[in-house]
Asks: 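Here's a structure for you.
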Amino acid sequence: MAEVKEFTLPDLGEGLTEAEVVRWLVEVGEVVAVDQPVVEVETAKAMVEVPCPYGGVVTARYGAEGEELAVGAPLLTVAVGADASAPAAAEGSGSGGADGVAAEADGADAGEDGGAGETSGAVLVGYGTGAPPARRRRVRPTPVPAAAAGQVNGVASGYGRHGVTPEVPVRAEAAEPAPGPVPVISPLVRRLARQNGVELRTLTGSGPDGLILRADVERAIGAAGAPAAAEPSAAAASAPAADAGEVRIPLRGLRGVVADKMSRSRREIPEATCWVDVDATELLAARRAMNAAGGPEAPKISLLALLARICTAALARYPELNARVDTEAREIVRLERVHVGFAAQTDRGLVVPVVRDAHARSAESLSEELGRLTGAARDGSLTPGELTGSTFTLNNYGVFGVDGSTPIINHPEAAMLGVGRIVPKPWVYEGELAVRQVTQLSLTFDHRVCDGGVAGGFLRYVADCVEQPAVLLRGV
């Protein structure tokens, strides 16, 4: 017999508990190789192509495009040991792929087909990086009784072509349930069915391609005269009725994670903000001189890179701000390496890409890395590793045309520097009134890691470097 293996959504990064299905890369009945990407998902941190650790024939897919799945929820099932002839045979049987899959040993060596005989090299949490090679088997369909086909045809795959979707699911007492996983929209629906003794295999889902919804289970419970579980009913009763003029936007995916992180930051961190107006005329002149000295072919140094370089120099003088608070141990943890995060607004929402070891980079290296990460943020190709681990954040809200802000600290960091727009303003320069390029700098800091003297000293040093970039030469 061919072994049908279930591939669940793996842990794709630090703290991620869910992901949204963006695009399926395989179809039911398609032969996949070990580590072949099978689905593209969007997590709260990045767009990720998920490789399958099994090789064989796809017998079921779970989750429509746009649906959110929890880590550990089924993604697809694969008939391991099936050869390429299985899709056509399975389709001809009308069983929807996962129903009635049988296998007969054909005596072929596992090396004949690069499917299940290979081992996975993908590092997927819960799957490891290798598996013993499976013997190749030839898959052939087995007949499904007509009564059973009427109940489960097209259900096991969740995307079967010939599935029938009646209005009310029926409990087929005479039909023997087919083997294999059952397509259910969420684990909560499985729990509701289990609590009320409903056999999911006897139901035909009213969702897309036979997907079993919560309403299907509740109808089956009502038909059997069993009371529904108290927990889901209470939740439904407590949900407020939507006003006809309301638009409800689910807090999920990136938006949900941002909301949770901001709430946690405000709840845990006693933050304070100080700010100062500075004359950035000399910094802009220094940038023009650097770019002119590099020639037309040399990469340009961005203003954000110069500000990041100033911040790393300031953190070397005031290491109290390159830290985090361990609330459980009641300790301040000072960090030796500086990983600078920078706020980037994208079509998906606000993300904070991270420049690793910013303290060891030159202005040119910082500019190159900032440009690369900004481009990746815009096209959604940042990896989870490029969005985690920052120790200090630089927030250039001046690009939105505003002068000041009191931002929320990027938990669990201890500080964030905000930079407003640079605009010409009247300024007293060398004892005379002049028009200078002025900006406002604001430092939001965790008052647990330091007092106002440290925060003020940090901000003043940054302001001095902006007004007189030569101050940085003292540390070169």
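Quick note: numbers below take in every heavy atom, side chains included, and nothing from hydrogens, waters or symmetry partners.
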Asks: Taking atom CD as the centre, does Glu368 end up with more than 12 heavy-atom neighbours from other residues, nucleotides or ligands that are less than 6.0 angstrom away?
Replies: no
Asks: If you round to the nearest 0.5 Å, how far is CG of Leu417 from CG of Asn395?
Replies: 9.0 Å
Asks: Using a 3.5 Å distance criterion without hydrogens, assess whether the side chain of Ser265 forms a donor-acceptor pair with backbone atoms of Lys261.
Replies: no
Asks: Is it the case that the side chain of His359 and the backbone of Val338 share a donor-acceptor pair, with hydrogens and angles ignored and the cut-off at 3.5 Å?
Replies: yes
Asks: Any salt bridge (Lys or Arg N to Asp or Glu O under 4.0 Å) involving residues 412-435? Give me the pairs, sequence neighbours left out, ordered by first then second residue.
Replies: Asp403-Arg421
Asks: Residues two or more places apart in sequence or in another chain: which of them pass side-chain hydrogen bond (donor to acceptor under 3.5 Å, both in side chains) with Ser302?
Replies: none
Asks: Do Cys52 and Val34 come within less than 4.5 Å of each other through their side chains, counting heavy atoms only?
Replies: no
Asks: Ala455 and Cys450: which non-hydrogen atoms are nearest, and at how many Å?
Replies: N-SG, 4.3 Å
Asks: Using side-chain hydrogen bond (donor to acceptor under 3.5 Å, both in side chains) as the criterion, list what pairs up with Ser367, not counting sequence neighbours.
Replies: none
Asks: When rounded to the nearest 0.5 angstrom, what is the spacing between NE2 in His411 and OG1 in Thr393?
Replies: 12.5 Å
Asks: For Asp464, what residues pass the salt bridge (charged side-chain N to carboxylate O under 4.0 Å, His left out) criterion, not counting sequence neighbours?
Replies: Arg460
Asks: Would you compute the distance between atom CD of Glu3 and atom OH of Tyr54 and round it to the nearest 0.5 angstrom?
Replies: 8.5 Å
Asks: Taking side-chain hydrogen bond (donor to acceptor under 3.5 Å, both in side chains) as the definition, give me every residue that meets it alongside Ser365, ordered by chain and number, with sequence neighbours left out.
Replies: Arg361
Asks: For residues Pro51 and Phe7, report the shortest heavy-atom separation together with the two atoms involved.
Replies: O-CZ, 3.3 Å
Asks: Contact between Val41 and Val22 at the side-chain level, heavy atoms closer than 4.5 Å - yes or no?
Replies: no
Asks: So Leu69 and Thr8, side-chain contact (heavy atoms from CB on, under 4.5 Å) or not? Walk me through it.
Replies: CA-CA 10 Å; Leu69 299 178; Thr8 60; over 6 Å; no
Asks: Of all residues at least two apart in sequence or in a different chain, which pass the side chain to side chain contact (heavy atoms under 4.5 Å, CB included) check with Asn396?
Replies: Leu304, Val399, Val419
Asks: Is there a side-chain contact between Ser442 and Tyr397 (heavy atoms, below 4.5 Å)?
Replies: yes
Asks: Which atom pair, heavy atoms only, marks the closest approach of Leu335 to Arg324?
Replies: CD2-NE, 4.4 Å
Asks: Taking ring pair (Phe, Tyr, Trp, His ring centres under 6.0 Å) as the test, write out the residues that go with Phe342, two or more places apart.
Replies: none
Asks: What pair of heavy atoms forms the shortest contact from Leu394 to Ala308, and how long is it?
Replies: CD2-N, 3.8 Å
Asks: I'd like to know if the side chain of Asp279 and the backbone of Glu467 have a donor-acceptor N/O pair within less than 3.5 Å.
Replies: no
Asks: Excluding sequence neighbours, so at least two apart, what forms salt bridge (charged side-chain N to carboxylate O under 4.0 Å, His left out) with Arg266?
Replies: Glu271
Asks: For the CG atom of Leu203 and the CD1 atom of Ile212, what is their distance to the nearest 0.5 Å?
Replies: 5.0 Å
Asks: What I'd like to find out is whether the side chain of Leu307 reaches to under 4.5 Å of the side chain of Val462, using heavy atoms alone.
Replies: no
Asks: With heavy-atom distances below 4.5 Å as the criterion, would you say the side chains of Leu283 and Ile310 are in contact?
Replies: yes
Asks: side-chain contact (heavy atoms from CB on, under 4.5 Å) between Leu200 and Val217: does it pass, once the steps are laid out?
Replies: CA-CA 8 Å; Leu200 290 172; Val217 175; 4.0 Å; yes
Asks: For Arg372, which residues count as a salt bridge (charged side-chain N to carboxylate O under 4.0 Å, His left out) partner, sequence neighbours excluded?
Replies: Glu369, Glu386
Asks: Has Gln345 got more than 12 heavy atoms of other residues, nucleotides or ligands less than 6.0 Å from its CD?
Replies: yes
Asks: Could you check Glu27 against Arg61 for side-chain contact (heavy atoms from CB on, under 4.5 Å), going step by step and ending with a plain yes or no?
Replies: CA-CA 8 Å; Glu27 299 291 339; Arg61 298 189 317 189; 3.5 Å; yes
Asks: Measuring from Glu268:CD to Arg448:CZ, what's the distance to the nearest 0.5 Å?
Replies: 7.0 Å
Asks: Please check: side-chain N/O of Asn291 versus main-chain N/O of Ile301, any donor-acceptor pairing under 3.5 Å?
Replies: yes
Asks: Can you see which heavy atom on Pro353 is nearest to which on Leu373, and at what distance?
Replies: CB-CB, 3.9 Å
Asks: Under 3.5 Å, side chain of Glu67 to main-chain N/O of Val21, donor-acceptor pair present?
Replies: no
Asks: Mind jotting down which residue pairs meet the ring pair (Phe, Tyr, Trp, His ring centres under 6.0 Å) criterion with at least one end in residues 293-329? Sequence neighbours excluded, please.
Replies: none
Asks: Does Asp260 form a side-chain contact (heavy atoms from CB on, under 4.5 Å) with Arg264? I'd like the steps, not just the answer.
Replies: CA-CA 6 Å; Asp260 293 340; Arg264 182 179 182 185; over 6 Å; no
Asks: Identify whether the distance between the nearest side-chain nitrogen and carboxylate oxygen of Glu364 and Arg309 falls below 4.0 Å.
Replies: no
Asks: Applying side-chain hydrogen bond (donor to acceptor under 3.5 Å, both in side chains), name anything that partners Thr327, two or more places apart in sequence or on another chain.
Replies: none
Asks: Minimum heavy-atom separation for Ile409 and Thr444, please, with both atom names.
Replies: CG1-CG2, 3.7 Å
Asks: Determine whether a donor-acceptor pair (N or O, by modelled atom type, separation under 3.5 Å) exists between the side chain of Thr391 and the backbone of His339.
Replies: yes
Asks: Heavy-atom count check: over 12 atoms from other residues, nucleotides or ligands less than 6.0 Å from Arg330 CZ?
Replies: no
Asks: For Leu9, which of Val39, Leu75, Leu76 qualifies under side-chain contact (heavy atoms from CB on, under 4.5 Å)?
Replies: Leu75
Asks: List in chain and number order the residues that pass salt bridge (charged side-chain N to carboxylate O under 4.0 Å, His left out) with Asp357, two or more places apart in sequence or in another chain; answer none if no residue qualifies.
Replies: Arg337
Asks: At what distance, to the nearest 0.5 angstrom, does CZ of Phe445 lie from CG of Leu321?
Replies: 8.0 Å
Asks: Is Glu320 close to Arg334 at the side-chain level, that is, under 4.5 Å between some pair of heavy atoms?
Replies: yes
Asks: If only atom types and distance count, is the side chain of Thr77 paired as donor or acceptor with the main-chain N or O of Glu6 below 3.5 Å?
Replies: no
Asks: Flag yes if more than 12 heavy atoms outside Trp275 fall under 6.0 Å of its CH2 atom; otherwise flag no.
Replies: no
Asks: Less than 4.5 Å apart, side chain to side chain, heavy atoms only: is that true for Thr388 and Val354?
Replies: no
Asks: Indicate yes or no: at least one non-hydrogen side-chain atom of Phe458 is less than 4.5 angstrom from one of Leu315.
Replies: yes
Asks: Strictly distance-based, threshold 3.5 Å: is any side-chain N or O of Asp216 a donor or acceptor partner for the main-chain N or O of Leu213?
Replies: yes
